[in-house]
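Residue numbering restarts at 1 for every chain, and letters A, B, ... go by the order of the sequence lines. Atom set for the values below is all heavy atoms of this structure, side chains included, hydrogens, waters and symmetry mates excluded.
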Amino acid sequence: MPADHASSLPSLSTRRLWYLRGVRAAFSIPGLILASAFIGFAGLAKEAGLTLAQTVFMVGTVWALPAKVVLVGAILSGASLPAAAFAVALSSIRLTPMVVALVPELRGPTTPRWVLYFLSHFVAVTSWVLAMERLRGIPRELRTSYYAGLGSTLVLFNMLVTAVVYLVADSLPPAVSAALFLLTPMYFLTSLWGSARERAGHVAMVLGLILGPLLHLVVPGFDLLGAGLIGGGAAFAFHKLSQRRATA
Amino acid sequence: MTFDAIDSWWWPFLFILIGGWLATDAWRFLGVYLGDRISEDSDLLVLVRALATALVAAVIGNLIVFPSGALVDTALALRIGAAGAGFVAYLYLRRKILVGIVAAEVILLVGMWIS
């Protein structure tokens with residue numbers, strides 16, 4: 001009903017209401033688990049020698065946790081900027097298909113393109129999972145407001161969490177500190193398995209888990225890229241083979 | 001051109017912007033651009049997802065086998081055991097991420113306390 005567009009545009013107060021509902025959705029179990037992973041990240045970044053400002057800046061600009069962990073790993077191993085950017089880019093390719101899947105859900109009838117580009121910055125595993133799960137129950141023209149509330153709250157809250165943990169990290173007892181450092185790998189180990197769409201994702205994950213440390217011993221500096229290319233390539237070959245077997 | 005290459009306050013931030021922000025948001029922007037032009041189950045996306053998954057898994061493996069911080073002082077077998085137990089708990093107890101994390105942490109802390 002294109003004739004009604006002008007009159008059916010949501011008012012500012014309706015938009016604010018749905019923005020706030022998005023804010024509330026950030027404080028859910030997935031949101032809290034994500035915060036726990038950022039507790040681990042703050043310790044990791046501090047250990048790597050980053051300053052408080054650099055760490056919080058990284059949370060706000062990069063946002064996706066795997067990309068940040070790869071970036072800190074590259075800094076730790078003394079990688080050059082092009083090598084670091086390449087590794088981070090390779091670890092973030094997954095963001096494209098995620099955004100591709102989210103855009104049709106998010107877009108309202110009159111949503112300007114720049115809003116979608118802006119909101120896409122908030123896409124990372126947690127906000128994406130929450131959005132894909134809840135957006136369909138929200139009026140289409142208000143979905144961007146909701147996602148803006150959800151995404152911006154997750155980013156800002158975790159910048160705060162990271163800053164606070166960075167400041168107190170040194171005064172923690174060793175057992176607590178060790179437990180914190182296990183949070184990030186455990187969060188990824190479980191969420192990565194759960195987010196795989198096809199069997200090949202699980203194959204890729206198991207191969208990567210083994211190849212990463214193995215290649216780190218043999219060819220340090222090429223361990224992440226090597227594990228990604230070999231493990232991912234083998235998983236894709238597995239995918240094609242099982243597809244052919246299914247059709248044969 | 002490493003993180004410590006230039007001794008000034010702005011270089012690390014520029015490093016993070018190019019190596020981090022540009023390298024991630026470029027993919028997000030590409031996703032918006034491609035919008036509905038690409039099929040979710042095309043072979044190209046399966047390959048892309050497999051490469052990305054293996055790479056992130058390699059990061060996880062390295063964090064467990066070659067850890068940093070206070071985890072350095074724990075035994076490798078304990079770290080692998082704790083992570084493995086947490087993962088098995090996740091798999092068999094209704095696939096709850098929280099269950100996996102708590103199980104791994106309990107094993108780690110008990111192991112540290114015993115040794």
If you compare all heavy atoms of [X] against all heavy atoms of [Y], which two are closest, and at what distance to 0.1 Å?
{"X": "A:V62", "Y": "B:R28", "answer": "O-NH2, 3.1 Å"}
{"X": "B:A54", "Y": "A:G232", "answer": "CB-N, 3.4 Å"}
{"X": "A:L81", "Y": "B:W11", "answer": "CD2-CH2, 4.0 Å"}
{"X": "A:S120", "Y": "B:V32", "answer": "CB-CG2, 3.6 Å"}
{"X": "A:F57", "Y": "B:L17", "answer": "CZ-CG, 3.7 Å"}
{"X": "A:A204", "Y": "B:A57", "answer": "O-CB, 4.5 Å"}

Option in [options] with maximal non-hydrogen atom pairs under 4.5 Å from chain B:
{"options": "A:V203, A:V88, A:V176", "result": "A:V88"}
{"options": "A:T184, A:V123, A:L116, A:V69", "result": "A:V123"}
{"options": "A:L71, A:I230, A:I75", "result": "A:I75"}
{"options": "A:L211, A:L32, A:L183", "result": "A:L183"}
{"options": "A:A48, A:P66, A:A175", "result": "A:A175"}
{"options": "A:A79, A:A200, A:G201, A:P82", "result": "A:A79"}

Let me know if [X] has heavy atoms under 4.5 Å from chain A in its side chain, its backbone, both or neither.
{"X": "B:L108", "value": "side chain"}
{"X": "B:L98", "value": "both"}
{"X": "B:L109", "value": "side chain"}
{"X": "B:F15", "value": "both"}
{"X": "B:L22", "value": "neither"}
{"X": "B:N62", "value": "both"}
{"X": "B:V59", "value": "both"}

Please classify the contact of [X] with chain B as side chain, backbone, both or neither, using a heavy-atom distance under 4.5 Å.
{"X": "A:I93", "result": "both"}
{"X": "A:P213", "result": "both"}
{"X": "A:A83", "result": "neither"}
{"X": "A:A179", "result": "both"}
{"X": "A:L192", "result": "side chain"}
{"X": "A:H239", "result": "side chain"}
{"X": "A:Q54", "result": "both"}
{"X": "A:K68", "result": "neither"}

Do [X] and [Y] have side chains that approach each other closer than 4.5 Å (heavy atoms only, starting at C-beta)?
{"X": "A:H121", "Y": "B:W21", "result": "yes"}
{"X": "A:K240", "Y": "B:D43", "result": "yes"}
{"X": "B:W27", "Y": "A:V99", "result": "no"}
{"X": "A:L50", "Y": "B:F3", "result": "yes"}
{"X": "A:H202", "Y": "B:T53", "result": "no"}

Can you tell me how far [atom2] of [Y] sits from [atom1] of [X], rounded to the nearest 0.5 angstrom?
{"X": "A:T190", "Y": "B:K96", "atom1": "OG1", "atom2": "NZ", "answer": "12.0 Å"}
{"X": "B:I97", "Y": "A:F188", "atom1": "CD1", "atom2": "CZ", "answer": "10.5 Å"}
{"X": "B:L30", "Y": "A:T96", "atom1": "CG", "atom2": "OG1", "answer": "4.5 Å"}
{"X": "A:L95", "Y": "B:T24", "atom1": "CG", "atom2": "OG1", "answer": "7.0 Å"}
{"X": "A:S191", "Y": "B:Y90", "atom1": "OG", "atom2": "OH", "answer": "8.0 Å"}
{"X": "A:L182", "Y": "B:R79", "atom1": "CG", "atom2": "CZ", "answer": "9.5 Å"}

Return yes when atom CZ of A:R199 has more than 12 non-hydrogen atoms of other residues, nucleotides or ligands closer than 6.0 Å, and no otherwise.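 12 or below, so no.
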Quick check: are there more than 12 heavy atoms from other residues, nucleotides or ligands sitting under 6.0 Å from CZ of A:F86?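 12 or below, so no.
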Most heavy-atom pairs under 4.5 angstrom with chain A, which of B:G100, B:G86, B:A83?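 Greatest number of close heavy-atom pairs with chain A: B:A83.
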Heavy-atom pair count under 4.5 Å with chain A, highest-scoring of B:A103, B:G61, B:A23: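 It is B:A23.
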Using 30° and 60° as the class boundaries, would you call the ring planes of B:F66 and A:H216 parallel, tilted or perpendicular?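 Aromatic pair B:F66/A:H216 classed tilted.
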